[in-house]
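Here you go, one structure.
Residue numbers begin at 1 in each chain, while the letters A, B, ... track the order of the sequences.
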Amino acid sequence: MPAKCSMVKHVEKEINVLRAEKELAGLAEKLIIYRFRVALANMTLTFAVIGAILAFALTLLFTVGPPRLPWVPAGLTGAVGLTAIIATFFAAAAVLYPVYEKSLRGLSRLIPGEERESLVKRLNAAPIVSYTVPFAIFYLVKPYPGWESHAWYFALTLASLTMYAMYERALNSKVEGLRLRIYLVLTALMAVLSPLVVAAASAWGVGGAVAVAVMAFLASSLIASLQEIYRAEREL
Amino acid sequence: MTEPYRLLGRLDPVLRHPTRFALMTLLIVSGPLTEGEAARKLGLAWGPLSTHLSKLVEAGYVEKRRYPTLKGPRVFLAATEEGVKAYREYVEALEEVVEYARRAGLGGQHGGGGRPHG
């Protein structure tokens, strides 16, 4: 009897260690998912802010023209300003992309077996398709004068929808416990606000359309990113 | 009483050590780390780290890769594909063991219907 009792104690001790390991593995999985969601939301918001600044700067350049300073050659200030904004974009990408890429690599480890490689390839292709094809489509058509000043808004709405279809749904279906919703929310908000952009274009012209498009895009990105961070925090 | 031993026997002996399991978990969550970073994050001395690390390297679960950094080339520890697969299988097996223990009323320090101690 004492031998059996000691055996039970030994097994119980082992089980407690294993139970703690299981809890650690569960926590690690949650951390990986949390880090990915926050990195994605952070990147979306940062690029939205830089994109909005770029849209404003380009509109100013093409409507008002570059700032005229007597001691600086014409066009130089505009060129310097645009270069600075584009450099900011690349600097932000250089900082944020490795963080996002690392978090995606971590997340891919939660995907079982052979599906991982093909899914990662699809996930890498999704942004390339999403952020090129819609722009090509929307800049080929010209339904009314001044369209090109805010066509990017509709291109980004379609890009966000494509990201939802190709990226978000694929990830949610493959990673157990992941419930991304950032692109779905972003698409819905941008689509709901798009009539305002068209209305602003007909009421106030190019300047008004760009201002409303930038505000709608920033507000949508802010809400989509914050809800993702909030939900990630709650599910941690 | 043979069932728990059968289940425990299914667990990968390389990962069935809390330190090695913690080290693999850290490498999977954080990505490649230097030995110093791993030791600091796990609160381990160099000796035990080196012992457990060599077992993981021997099993092919962890590899040492040399990467260039701003401070010169550094050796980083990284979980291999084989290591990630073994880790996943180990966690799946753990779930079975813990579920069995819960049903059998074994253990109990972490809740889940276990037998109270004392």
For this session: Could you tell me which portion of A/I32 (side chain, backbone, both or neither) has an atom closer than 4.5 angstrom to a non-hydrogen atom of chain B?
Result: side chain
For this session: Sort A/K22 into side chain, backbone, both or neither according to what part of it lies under 4.5 angstrom from a heavy atom of chain B.
Result: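 For A/K22, backbone and side chain are both near chain B.
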Exercise. Under the side chain to side chain donor-acceptor pair (under 3.5 Å) rule, what pairs show up with a residue in residues 169-181 of chain A, not counting sequence neighbours?
Worked result: A/E115-A/K174
Seminar exercise, completed: Rounded to the nearest 0.5 Å, the CD atom of B/E95 sits from the CZ atom of A/R19 at a distance of 13.0 Å
Exercise. At a heavy-atom separation under 4.5 Å, does A/R109 approach chain B through its side chain, its backbone, both, or neither?
Worked result: both
For this session: Could you look at B/V98 and say if it's the side chain, the backbone, both or neither that has a heavy atom under 4.5 Å from chain A?
Result: both
Exercise. Quick one: ring pair (Phe, Tyr, Trp, His ring centres under 6.0 Å) partners of A/F89, sequence neighbours excluded?
Worked result: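 For A/F89, the residues satisfying ring pair (Phe, Tyr, Trp, His ring centres under 6.0 Å) (neighbours in sequence not counted) are A/F47.
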Exercise. Which heavy atom of A/I15 sits nearest a heavy atom of B/A101, and at what distance?
Worked result: CG2-CB, 3.3 Å
Exercise. Which pair of heavy atoms, one from A/E21 and one from B/Y90, lies closest together, and at what distance?
Worked result: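 Where A/E21 meets B/Y90 most closely, the heavy atoms are OE1-OH, 2.7 Å.
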Exercise. When only heavy atoms count and the cut-off is under 4.5 Å, which of residues 23-51 of chain B reach chain A?
Worked result: B/T25, B/L27, B/I28, B/V29, B/S30, B/G31, B/P32
Problem set entry | Separation between CG of A/L18 and CD of B/E96, rounded to the nearest 0.5 Å |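 These two atoms lie 12.5 Å from each other.
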Problem set entry | salt bridge (Lys or Arg N to Asp or Glu O under 4.0 Å): pairs with one or both residues in residues 34-60 of chain A, sequence neighbours excluded |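 Found A/R37-A/E228, A/R37-A/E235.
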For this session: Assess whether atom CZ of B/R16 is packed by more than 12 heavy atoms of other residues, nucleotides or ligands within 6.0 Å.
Result: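 Check passes, neighbour count above 12.
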